[in-house]
Each structure stands twice: as structure tokens, then as C-alpha cells.
Asks: 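Okay, handing you the structure first.
When a residue number appears, it is its place in the shown sequence, counting from 1. What you see below is based on every heavy atom in this structure, not just the backbone, and it leaves out hydrogens, waters and symmetry mates. In each ligand, atom 1 is the first atom listed, and ligand 1 is the first ligand listed.
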Amino acid sequence: MTQKNIAIIRNVTDLRQTIAKWRAEGHSIGLVPTMGALHAGHLSLVTKMLGQTDKVIASIFVNPKQFGAGEDLDRYPKNEDADCKMLSETGAHAVFIPDCASIYPEGFSTNITVAGLSDDLCGKARPGHFDGVSTIVTKLLVQAMPDVAIFGEKDFQQLAVIKRLQQDLDLPTKIISGAIVREDDGLALSSRNAYLTADERKIAALLSATLKQAVARANAGEDLRVIEAESTLYLLKAGFKAVDYFSFVDANTLKQVNDLSGQTRVLVAAHLGKTRLIDNFAV
Ligand code: AMP
């Protein structure tokens with residue numbers, strides 16, 4: 001089935017057939033995995049991939065394995081028609097939209113764990129989350145065997161976990177990343193921003209503002225633990241319900257750092273009403 005110029009593929013057999021045909025024609029293949037409810041951040045990944053490979057395929061799958069009990073799996077926004085239209089207009093060649101039963105058929109028993117990198121930060125706040133991410137991403141990479149796959153820096157820990165699993169499993173796909181796309185007031189685009197009330201939406205902008213200020217303070221030589229503690233307190237006073245972490249970490253190991261001698265990143269996850277938001281900046 002097609003919508004405008006985009007092929008809509010719903011099962012692995014058709015996915016592999018399409019890709020085999022492209023390969024026979026000598027094309028390189030890029031994959032852009034998503035959970036749908038697409039926005040300009042997702043589309044920036046598609047656009048970047050169009051500069052890297054001949055054919056670009058996006059995937060849309062709301063992966064139940066990466067949601068914990070009581071999280072937003074049931075209310076996660078879905079808009080398949082609008083997503084396909086946006087992908088088509090952006091220039092993607094195909095979209096893979098498998099159903100859950102075909103991804104996780106009866107008896108599915110395999111789990112991919114990337115130890116260490118998955119343990120802290122979002123991994124600590126959302127037990128099992130990165131196993132779910134690692135398992136679905138491994139499946140998608142094996143199903144499509146793309147030359148390149150792209151993931152956003154918005155989910156910085158996810159990106160590190162995926163780079164690790166690609167190396168560890170010798171998967172023949174190059175992993176690249178895309179910069180964070182933001183609203184004018186600095187809020188990182190996210191499908192979950194749709195949950196925010198008008199009041200929360202105003203407060204949400206403080207997340208990136210606080211990160212930015214933390215970067216400036218760190219570069220001015222202030223103690224990183226003090227910046228983390230004061231930034232956390234500031235967000236709580238501003239109306240965030242809980243801050244899962246506000247941490248300066250090594251950009252490769254994701255271990256908390258005491259100084260800026262290595263490549264450093266500052267990462268935050270915080271709850272605003274019923275919405276959990278994450279963001280990060282390079283230091
Ligand atoms: P999701 O649909 O939330 O699973 O995201 C799919 C991909 O888009 C992931 O690689 C995300 O890191 C990436 N992404 C999400 N939001 C943004 C953003 N604001 N800017 C750039 N990439 C993003």
C-alpha cells in the first residue's frame with residue numbers, strides 16, 4: 001500500500017523483499033526507528049539520513065517492552081496517517097509499521113541486556129526500559145540489515161546503549177546520531193509534550209533553560225555536585241513534581257564526573273504533572 005510516494009510495509013517478509021529489491025538495484029539503506037506521533041525532531045533524522053543513504057525507511061512501533069507498569073503505554077499518542085504523510089513529504093521511501101503480534105509472537109523469549117550503560121539514570125528510574133529498547137532495536141536492525149541507522153541525542157543514554165550493542169553483537173550497521181530539535185523557547189520536541197497542559201507547557205521550558213545555565217556554571221568552574229543539587233531544587237520549586245536525576249556524566253561511559261576534563265554531558269529527567277520529560281546538553 002502507498003500513501004503518495006511512500007510504501008507502507010506491515011510485515012517482515014515484505015520489509016525484506018523491499019530491501020532486497022533496493023539492494024539488487026545497488027542502493028544503500030538507512031533506517032530511522034521511531035514510536036510514531038512524529039514531529040520535526042523525528043523528521044530531522046529522516047532528512048539527515050537522506051544525505052547518507054539512497055533509500056530511507058522509517059519504522060513506527062510503540063514497543064510495549066520498553067514501558068513499565070503504570071507508564072503511558074496505553075495513552076501513548078498515535079497518528080499513523082499524519083505520520084505517513086509527514087514521512088512522505090520529508091522524502092522517506094518507506095515506512096515499516098509492524099503489529100505487536102508479529103514483533104512479539106506467542107513464545108517470544110529473548111531479551112537483550114546491555115549491562116552497565118543501562119543501569120543508572122533512566123535505567124534506574126525505569127527498570128527494564130533499556131532491555132526493551134535493546135531488544136526491539138536489535139530486532140529492527142536484524143530485520144532490515146540497514147547500512148546506517150540513526151538515533152537522536154535527545155535520548156542520550158539510549159544512543160549510548162545502542163552504540164554498545166551494535167559493537168558487541170557485530171551488527172553490520174553504522175549507528176549515527178542526530179542533534180536535538182527544540183521549540184523556540186528551548187523545550188526539546190517530544191511526542192510526550194502533547195500530554196502537557198498549557199500551564200505545564202510554560203514550566204517545561206525551564207528544563208532546557210536550567211541545563212543551559214548548569215553548563216555555563218560548570219564552565220565557570222563551579223562545583224558540579226552543587227550545580228546538580230541547586231538545579232534540582234530550582235526545578236522542584238518551579239513546579240516539577242520529581243527530578244529523577246540531574247547529572248554531569250562522561251559522554252561515553254555515562255558515569256557521573258567530578259570535573260570537565262573529559263567529554264562531558266549534563267542530563268536531566270523530571271516529572272511535570274503526568275509527563276516525564278528528559279533533556280541533555282553537551283558541556
Ligand atoms: P521516539 O519516537 O520518541 O522513540 O523517538 C524516535 C527517535 O527520534 C529517537 O532516536 C529519538 O532520540 C529521536 N528524537 C526524539 N525527539 C527528538 C528531538 N527533539 N530531536 C531529535 N531527535 C529526536
Asks: With a 4.0 Å cut-off, would you call Asp147 and Arg23 a salt bridge?
Replies: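 Salt bridge present between Asp147 and Arg23.
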Asks: Is any side-chain N of the basic residue among Asp279 and Lys212 closer than 4.0 Å to the acidic one's carboxylate O?
Replies: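 No, this pair does not count.
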Asks: Does Val181, backbone or side chain, put an N or O under 3.5 Å from an N or O of ligand 1?
Replies: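 Yes, since at least one N or O of Val181 sits under 3.5 Å from an N or O of ligand 1.
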Asks: If you define the side chain from C-beta out and look only at heavy atoms, does anything of Leu236 sit under 4.5 Å from Thr232?
Replies: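 Heavy-atom side-chain distance check passes, below 4.5 Å.
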Asks: One residue to check: Leu45. Relative to ligand 1, which of side chain, backbone, both or neither has a non-hydrogen atom less than 4.0 Å away?
Replies: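 Contact part for Leu45 vs ligand 1: side chain (C-beta onward).
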Asks: Is there a polar contact, in the sense of an N or O pair closer than 3.5 Å, between Ile180 and ligand 1?
Replies: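 Among all N and O atoms of Ile180, none is under 3.5 Å from an N or O of ligand 1.
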Asks: Determine whether any heavy atom of His39 lies closer than 4.0 Å to an atom of ligand 1.
Replies: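 For ligand 1, residue contact (heavy atoms, under 4.0 Å) with His39 is present.
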Asks: So is Pro33 in contact with ligand 1, going by heavy-atom distances below 4.0 Å?
Replies: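 It does, in that a heavy atom of Pro33 comes within the 4.0 Å cut-off of ligand 1.
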Asks: Give yes if a backbone or side-chain nitrogen or oxygen of Gly178 is under 3.5 Å from a nitrogen or oxygen of ligand 1, and no if not.
Replies: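 Looking only at distances, the answer is no, because the N/O contact criterion of under 3.5 Å is not met.
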Asks: How about CZ on Phe281, more than 12 heavy atoms from neighbouring residues, nucleotides or ligands closer than 6.0 Å, or not?
Replies: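 Above 12, so yes.
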Asks: May I ask you to list the atoms of ligand 1 that are less than 4.0 angstrom from any heavy atom of Asp155?
Replies: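 Going through ligand 1 atom by atom, the ones under 4.0 Å from Asp155 are 11 (C), 12 (O).
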Asks: I need the nearest protein heavy-atom contact for atom 4 (O) of ligand 1: residue, atom name and distance, please.
Replies: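 The answer is Met35 CG, 3.5 Å.
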Asks: When you compare ligand 1 with Lys154, is there at least one nitrogen or oxygen pair between them that comes in under 3.5 angstrom?
Replies: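 Not met; the criterion fails.
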Asks: Applying side chain to side chain contact (heavy atoms under 4.5 Å, CB included) between Leu235 and each of Ile203, Leu272, Val268, report the one that passes.
Replies: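 The passing option is Val268.
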Asks: Would the distance check show the side chain of Ser88 and the main-chain N or O of Cys84 forming a donor-acceptor pair, the cut-off being under 3.5 Å?
Replies: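 Answer holds: no.
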Asks: Test Arg201 against every option in Asn193, Thr275, Asp185 by the side-chain hydrogen bond (donor to acceptor under 3.5 Å, both in side chains) rule and name the one that passes.
Replies: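 Testing each of Asn193, Thr275, Asp185 against Arg201, the sole residue satisfying side-chain hydrogen bond (donor to acceptor under 3.5 Å, both in side chains) is Asp185.
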Asks: Would you say the side-chain atoms of Thr197 and Asp199 include a donor-acceptor pair closer than 3.5 Å?
Replies: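 Asp199 and Thr197 do not have a side-chain donor-acceptor pair below 3.5 Å.
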Asks: In plain terms, say whether Glu80 and Arg10 are close enough for a salt bridge, that is, a side-chain N and a carboxylate O under 4.0 Å apart.
Replies: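 Judged by the 4.0 Å cut-off on N to carboxylate O distance, Glu80 and Arg10 do form a salt bridge.
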Asks: With atoms numbered from 1 as shown, which atoms in ligand 1 lie under 4.0 angstrom from a non-hydrogen atom of Gly152?
Replies: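 This gives 9 (C), 10 (O), 11 (C), 12 (O), 13 (C), 22 (N) as the contact atoms.
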Asks: Could you tell me, atom by atom, which parts of ligand 1 come under 4.0 Å of a heavy atom of Leu189?
Replies: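 It comes down to these atoms of ligand 1: 16 (N), 17 (C), 18 (C), 19 (N).
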Asks: So for ligand 1, is Ile150 a polar contact partner (N or O within less than 3.5 Å, distance only)?
Replies: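 Among all N and O atoms of Ile150, none is under 3.5 Å from an N or O of ligand 1.
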Asks: Atom 1 (P) of ligand 1: which protein heavy atom is closest, and how many Å away?
Replies: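 Protein heavy atom at minimum distance: His42 NE2, 3.6 Å.
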Asks: Check if Ala179 has a non-hydrogen atom at a distance under 4.0 Å from any atom of ligand 1.
Replies: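 It does; at least one heavy atom falls under 4.0 Å.
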Asks: To which residues is Phe67 joined in a hydrophobic cluster, defined by side-chain heavy-atom contacts under 4.5 Å among Ile, Leu, Val, Met, Phe, Trp and Tyr, whether direct or through other members?
Replies: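 Phe67 shares its hydrophobic cluster with Met35, Val62, Leu73, Tyr76, Tyr195.
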Asks: Mind checking whether Ser191 has an N or O less than 3.5 Å away from an N or O of ligand 1?
Replies: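 No; the residue has no nitrogen or oxygen that sits under 3.5 Å from a nitrogen or oxygen of the ligand.
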